[in-house]
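Side chains are part of it too, since the values below use all heavy atoms of this structure and drop only hydrogens, waters and symmetry mates. Given the structure is predicted, the values throughout are model-derived calculations rather than measurements.
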Amino acid sequence: MATFEAPPLPAWSADGKEAGRKIRASIFRQLRASGSKPKGQNKERDEVLQATDVIEKPKQEVKGDLEKENEELIATLAEQAKGFEKKTVNEAFAVLREAVWRVLELWYFDVQLLGGLVLHKERLAEMKTGEGKTIVALLPTFLAALEDKGGVFVVTPNDYLARRDAENVGQVLRFLGLTVGLVQSTMEVADRQKAYKCDVVYLTNAELGFDYLRDNLAVYPHQVVQSKSFHFCLVDEADSILIDEARTPLIISESVPAVPRQFEAGREVANALKKDLHYTVDEKNMNVVMTDLGEKVAQDLLQVENLWEPEEAWILYVLNAVKAKELFQLGEERMAVWEYIIRDGKVSIVDTFTGRVLEGRRWSDGMHQAIECKENISVSVRSQVSAQITYQSLFRLFPRLCAMTGTALTEAAEFEEIYGLRCTGVPTARPNVRRDYPDVVYKTEEAKLNAIVEEIVLNNERNGRPILIGTANVKMSEAIVSRLREAGVEPQLLNARPESIARENETISQAGRLGMVTVSTNMAGRGTDIILGGNHSQMAALNIRSRLADALLSMEESAKALVYNPGEEFYPTDIPGSLEKSLTEAVEAVAKCPAGEATQSFLEVEELVASVGGEAPFEANESAQALTALRKARHLWTVGWRGVTKFSGVFDKGVDVEISVRDTWARLNIAPPEAFAELKTLYKDLMRMRFPIDALTDEKDQVIKAGGLYVLGTTRHESRRIDNQLRGRAGRQGDPGTTRFFISLQDDVFRVFGGDKIETLMDRFRLGDAIPLQSPIVNDTLDRVQKAVEEFFKKTRTTLFEFDKVISKQRELTYKTRKVRWESARSKLVTDSRAHLST
């Protein structure tokens, strides 16, 4: 077996074995104290922790050069992995740990290894925000790929996360000799086929499900994209995918001609009818019911004798038009959840959980056309269902399924009942010091909004700590932004609108900086940590991306991809002249090399940025020299920014960084390195030293002194789990932070599900609107309403699952029989063709 020597332990664990022993002892204590666990689980946890101890030991038998010998090593591990011996698991994890260190310069904490072992045991690992779930996912995925028993998938909630993970941590798998595929919603069949043939595939839950359905509707073999059978699947943000999105099935529909006249007539009737007189609205179940008077008025307006006549079925058009009018508001009349936006003259559905646009998704049964007619958009073709599957049935097709998320234990029973996933809470690497303050409750929506704006303005005047405002919908986010601007605060906005999504990287990378105010729709699935003081690496990547996009892409492609170039004010300092020259020359060299000439899309530009940002060696070809030069320039730049932010008292914007650095060395009596290329090492050393001068207080320290990130919620969500997701954005990796929710008794979740209870509360308290309600009665009532909402939606998901069970077996048998006959016919065709050619 090829071997290698473990690298030196990072600075944070320089005490080596003793530090590791203390950390593991702490983990033991936390796990023992968790209580109320199934019988026998402690024994399993002991085995997991012992394996963690083994992985952490220096591997004397593993020495050598991974770059030259990993092929032999991986081949040996792949052979052993088929039996899944404990020793093989430990060795594979140790190899991956070394590869992550060499490629990404990241070192696994013990709790991350613990999380990887939990996932390998096909469980759901609850790991808090900021605990490094992205690299934890590599551990079980690497082992599953070594098995070579079928397709290995890492499923994320959106294209952005899938692309980010495939480009960044995918470098580690490529470094170890595995192939990594990426499936995006915009890809054609040929690109999908190529991606699915890879050892590991990163994609979204929607693409996985739709490709599965499309493959089983395919007529010809060349239309099939999923060439491997399902074997292993790791679901990231599991609560978002397996719980929130599991309410509605995935549907493949075919287009049939639509008659605009019928939809337009339905719209006119709906506009003439009055709520509570001609129909009633059930917002809880998203339904409307016509009264006898309403049906009679509709029949008179349409001049028909019966709305239910099978030939015309006018009742369907009228009901859809009324639903479009009452249940799918853009939010002008009230703070309703935005179910859709108008983009490029088309109705685009917005995911209410993540605030993202669901590309290519349409409502069925004529609902989409009714909304188009309501918005005076040309009615498109009508959809007719051809195939469908629920997420519950889709993920149960995998022999090996595991998942991870930051919030799962509140739904542990449902995960185990439906998906067979037992939830295991993984302790944090550092203690959580975040403070969660009690809710502030107001009687009216207007009073709540005024209080939120006042709180933010006062915070900015007091210490300027960064604030993240979480909203449930697009309308609320834009209303808060408008009010903040009127109050003299300029916030950053992140919601479903295209211009906002294009700036997502910039928005997230700045959200932890001093004085920053960020307004965002539901942060579930964003997948990017908010680092206090700002993310220097992300800033460098954004500028490199902008330069490469300008040099490599056509104007049409840049406009199509909505490439956003941050302005100079985004960066903490000007770029020194010498570094600007190096960057310009490096980008020009990349543009002229084969890799640059072959880059035609924004996706390929981001792949280049990811490879330049990593440490994995480039392939030995004509492009290697140009890419290496750009990597060196990027390192200099990243380190320069890190230093400028670190030594904020020394470096001012507009001052040449190189000159200022050398002045600082002289002031601190430090011998300068021989070359500017050694800046990275220098700054790492300086950051570990404590000099008694104020100039060394960086922006992160200022944010920490101000109290860390302040998360401000604007409403209770449908589940406590989603509230906890938002809270989890603060207090990352032991950082300080605080959270508080501002809610009103008129919020949708309480108005729709609370009913008479909320009205009784409002009548009981006769205080002014601007005075917050502080009473145990209020909090208890709101908690009961929220639990009732959770139970309601759980029942919805369970009912959907039970109904789908009936057709699930039939669907699987039908698809299996179809595939067997198809393969048989294909083999016969090949045999006949060969026989014909031989004659």
message: Between E147 and R400, does any side-chain N to carboxylate O distance fall below 4.0 Å?
response: yes
- line: Distance col, row D550:CG vs R545:CZ, nearest 0.5 angstrom, shows 10.5 Å
N205 side chain reached by V235 side chain, heavy atoms, under 4.5 Å: no
- prompt: Once you round to the nearest 0.5 Å, how far does OG1 of T134 lie from CG of L161?
  reply: 8.0 Å
- line: salt bridge (charged side-chain N to carboxylate O under 4.0 Å, His left out) pairs touching residues 178-195, sequence neighbours excluded, are R192-E207, R192-D211
query: Which one of F398, Y202, F232 satisfies the ring pair (Phe, Tyr, Trp, His ring centres under 6.0 Å) criterion with F153?
result: F398
task: Using modelled atom types only, decide if a donor and an acceptor are shared between the side chain of E375 and the backbone of I371 within a distance under 3.5 Å.
output: no
message: Closer than 3.5 angstrom, by distance alone: can the side chain of Q388 be matched with the main-chain N or O of L213 as a donor-acceptor pair?
response: no
field: Sub-4.5 Å side-chain heavy-atom contact between Y340 and S348
entry: no
message: Quick test of your reading of the model: are E414 and R797 salt-bridged, counting only N-O distances below 4.0 Å?
response: yes
- prompt: Taking C-beta and beyond as the side chain, do M127 and V136 meet within less than 4.5 Å on heavy atoms?
  reply: yes
field: Side-chain donor/acceptor of S393 to backbone N/O of I389, under 3.5 Å
entry: no
- prompt: For K228, does the NZ atom sit with more than 12 other heavy atoms under 6.0 Å from it, leaving out its own atoms?
  reply: yes
